[in-house]
Amino acid sequence: MATSDFYHPSLGFLMMAAVLPFLPGNRRWKWLLLLPPLAACYAAWSNQPGDHLTFTWLGQTLKLGHVDALSQIFAQVFAVMSLAGLVFSLHVNDKGQHMAALLYVTGGFGCLMAGDFLTLFVFWELMSIGSTFLVMLNRTRESVLASFRYFLYHTAGGLMLLGGLLLRHHHTGSFDFGPIGPGDGAGIANWLILLGFCVNAAVVPLHAWLPDAYPRGTVTGAVFMCAFTTKTAVYVLARAFPGWDILAVAGTVMAVYGVVYASMENNARRILSYHIVSQVGYMVAGIGVGTYMTINGASAHAYAHILYKGLLFMSAGAVLHAAGTQKLDELGGLAGRLPWVMVFYMVAALSISGMPLFNGFVSKTMTIAGAAEAHRYWVALGLELAAVGTFISVGLKLPYFAFWGGKKPDPQRKLRPVPANMYVGMAMLAVLCLAQGLYPQMLYQYLPHQEAVGEYRPWTAWNVLQALMLLGFSGLAFYIMRKVIEPHKALNLDFDWFYRLIGKGALFLICAPIAVVDNVWTVVWDKIGLRVLKFLGRLSSWFDRAAIDGVVDNSARGVRGLGGIAALLQNGRLQHYLGLMVVIGLLIFAFFWYGL
Amino acid sequence: MSDDHHISQTDRAPEGTRPAEHAVPENPEGLTFAQDTQGGLGRFLDAQLAPERTRSWRNFLFAVLAVIAVLGLVVTNHHPHFGYDAYPFFWPVFGLAAGLALIFIVKKIIQPVIKRTEDHYGDL
């Protein structure tokens, strides 16, 4: 997994996950958790482009270490995010959670470095398993149930990918993982692969697993999940399906759909989950438009998004950790009690909204401008509309009702202390969000299509003013409608209603034939089986009485008779005993004398 | 730094031993490393909730909006994409109208139709 010019970033995470159960329980091992992400950071900046770690297996060439500009930029942000995520979770004294996170990140890096579909599939499934445990290990009933739904759903997506890649191999004779042209003859295989990818990218209407599972994950697990699954899917879409027009439409729908649901949601981490759908929509749309500028925009936005979304989940998780609830109607009045959590949250919230100074401003606007340059005006307008909704729900609604909400500060409210390492993790990402916003070149220098980077300059007077006008006046809309948008306890039906229906239908299809067989068997048993049993019962009962009881009773009688005779002999007179002894002795003597 | 450590430490601490100037003296779970260092910012934020302060903040933000809108007359868009965005007040109107419409449609039309009780699926 490592050569002189290549180190696979998954290696350290995998080894750490393997040895963690055997480390002594004094918790000094927690510092070792930081080694794999540090090694991954080194690898992400030092690995040279090319195909490394190629093996031939069953006549297929497996490429475990494919490095190019696109995989490098994703590897860099994955490495940074895994470091911040592990710092944030250092206080967690549950090896199971750490192992799940480490395996999950192993899978994420493995997908980035995969040069063929088989390798991709193996790591793809590893991610699915790791993230399932990150939900399950929250150890509440609703989390365990959600993790099973999550796993079923991702298994279905994984099977689509597997079916697609096998069919594609049948048509093309190769597992090579590269750009797929719509007219390459593989037809349905390509669509199956695309569907498998779209499940993980949370493309509407395949998205509902995300807001179902992520808010139910552990505080620290959700921080990892929000960064890796969907962005791995964005990466594989950018590699295999750039310029597929359907993705431009799907991405725009996602961007708007996510903000619509986020605007009515009460659960803080579910609001953020819907905003993953929305923000990944920008990236999917960028990939669908498929120009160099929009692919750059999608990559830049994925980079920025991982940082600010990680920070959003960290700070919302810190509120959940401290207050014990993530429901906005139960929060409020916390600004003075958790001021730094609020500050870090706001850095992320302004970043996701695309506010100048923060990194969303330099990435989101590139995608929108790219779409407009490519004359995709509806895409661009949809993304601007989503930007309004994003600022309203994540930039204003969530922090307003969590930290203020018109409620007075309540010094009596019990808050669990927020560990220092959580603050350190948040601070790391907050600094990066600001730094990238202020120095876009820090991000732009790693974009996959360097020749197109010069086409867009974020820091122009007009771009800044346009962002301020859009966000400022959508803020005014929030101010006017703040009573209307106030969240209340509710469950808002989403496409998971259909998934559950499909699940119940599948269960019915399996159960109904079994029930029919069971009914027939019951009748057969009742008519034939029970009668045979009854006959056998009667037979054995007769045998019991006639044979067993006869033997037992007669034995008893025999013993009683003999006992009576023996009792007659035992009369207590010594001379009788002596006489009897002589008689018996003579009888034995006679037996031996004459008998032998 | 483990939570258990903090909680057990504060459980042992007798009541009323903390200095009165702390922002949250009655907090039964005590102050942590982090909360100790953020008292100043927390007190500042709480102080902003006084009615006259909130009014000042609101007026300040309205003024900022006015300045932004006026600046739109000076700094113009050289590459309008949609046609109407060549007009100076397009983006303020778009932001306000889209925001109002979004909140109204979502909360007054969509949510009443798809809203169910929290435990609709029986998962909780």
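Source: prediction; values computed, not measured. Atoms considered below: every heavy atom in the structure, side chains included; atoms not considered: hydrogens, waters and symmetry mates.
- Proximity of a side-chain donor or acceptor of A/Tyr274 to a complementary backbone N or O of A/Val260 within less than 3.5 Å is not detected.
- For the pair A/Arg482 and A/Tyr479, the cation-pi criterion (under 6.0 Å, within 45° of the ring axis) is fulfilled.
- For the set A/Leu470, A/Thr460, A/Asn266, the count of heavy-atom pairs under 4.5 angstrom toward chain B peaks at A/Leu470.
- Of all the listed residues (B/Ile114, B/Asp119, B/Leu45, B/Val113), the one sharing the greatest number of non-hydrogen pairs under 4.5 Å with chain A is B/Ile114.
- For the pair A/Arg141 (side chain) and B/Asp123 (backbone), a donor-acceptor distance under 3.5 Å is present.
- At a 4.5 Å heavy-atom cutoff, the contact between A/Tyr261 and chain B is made by side-chain atoms alone.
- The aromatic rings of A/Tyr400 and A/Phe478 stand perpendicular to each other, their planes meeting at an angle above 60°, with 30° marking the opposite boundary.
- Checked by atom type and distance alone, the side chain of A/Lys397 pairs as donor or acceptor with a backbone atom of A/Glu265 at under 3.5 Å.
- Of all the listed residues (A/Glu142, A/His488, A/Met422, A/Met481), the one sharing the greatest number of non-hydrogen pairs under 4.5 Å with chain B is A/Met481.
- A side-chain donor-acceptor contact under 3.5 Å links A/Arg216 to the backbone of A/Asp212.
- Contact annotation for B/Leu65: both backbone and side-chain heavy atoms come within less than 4.5 Å of a heavy atom of chain A.
- Residue A/Val388 touches chain B through its side chain alone, counting heavy-atom pairs closer than 4.5 Å.
- Between A/Glu486 and B/Lys107 there is no salt bridge, since no side-chain N of the basic residue sits under 4.0 Å from a carboxylate O of the acidic one.
- For a residue to count as touching a neighbouring chain, one of its non-hydrogen atoms must lie under 4.5 Å from one of that chain's; by this rule B/Thr76 touches chain A with the backbone only.
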Hey, mind stepping through B/Phe104 and A/Val484 against side chain to side chain contact (heavy atoms under 4.5 Å, CB included) and telling me if it holds?
-> CA-CA 8 Å; B/Phe104 182 80; A/Val484 177; 5.7 Å; no
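- Between A/Phe495 and A/Tyr257, the angle of the ring planes lies from 30° to 60°, which puts this pair in the tilted group.
- In this structure, the portion of A/Trp404 lying under 4.5 Å from any heavy atom of chain B is its side chain and not its backbone.
- Both the backbone and the side chain of A/Ala380 have a heavy atom closer than 4.5 Å to some heavy atom of chain B.
- For the options A/Val92, A/Asn492, A/Leu145, heavy-atom pairs under 4.5 Å to chain B are most numerous at A/Asn492.
- Interface remark: B/Phe44 contributes no atoms to any contact with chain A (heavy atom separation under 4.5 Å).
- In terms of non-hydrogen atom pairs under 4.5 Å with chain B, the most contact-rich of A/Leu385, A/Leu90, A/Val144 is A/Leu385.
- Note: B/Pro92 leads B/Ala69, B/Pro92, B/Ala98, B/Gly72 in heavy-atom pairs under 4.5 Å with chain A.
- Using a 4.5 Å cut-off between heavy atoms, A/Arg376 makes no contact with chain B at all.
- No part of A/Val256 comes within reach of chain B, as not one of its non-hydrogen atoms sits under 4.5 angstrom from that chain.
- For A/Ile480, the part lying under 4.5 angstrom from a heavy atom of chain B is the side chain only.
- In summary, the side chains of A/Thr365 and A/Tyr456 do present a donor paired with an acceptor at a separation below 3.5 Å, with no hydrogens or angles considered.
- Only the side chain of B/Leu102 comes within contact range of chain A, judged by heavy atoms closer than 4.5 Å.
- B/Arg53 approaches B/Ala47 most closely through the heavy-atom pair CG-O, 3.7 Å.
- Ranked by heavy-atom pairs shorter than 4.5 Å toward chain A, the options B/Phe90, B/Trp91, B/Phe62 are led by B/Trp91.
- Neither the backbone nor the side chain of A/Leu471 has a heavy atom closer than 4.5 Å to any heavy atom of chain B.
- Here the side chain of A/Asp496 pairs no donor or acceptor atom with the backbone of A/Trp209 at under 3.5 angstrom.
- Options A/Ile392, A/Leu381, A/Leu468 differ in how many heavy-atom pairs under 4.5 Å they form with chain B, and the most are formed by A/Leu381.
- Chosen from B/Val75, B/Leu49, B/Leu61, the residue pairing most often with chain A at heavy-atom distances under 4.5 Å is B/Val75.
- Nearest approach of A/Val341 to A/Ser315, heavy atoms of both residues: CG1-O, 3.5 Å.
- For a residue to count as touching a neighbouring chain, one of its non-hydrogen atoms must lie under 4.5 Å from one of that chain's; by this rule B/Lys115 touches chain A with backbone and side chain alike.
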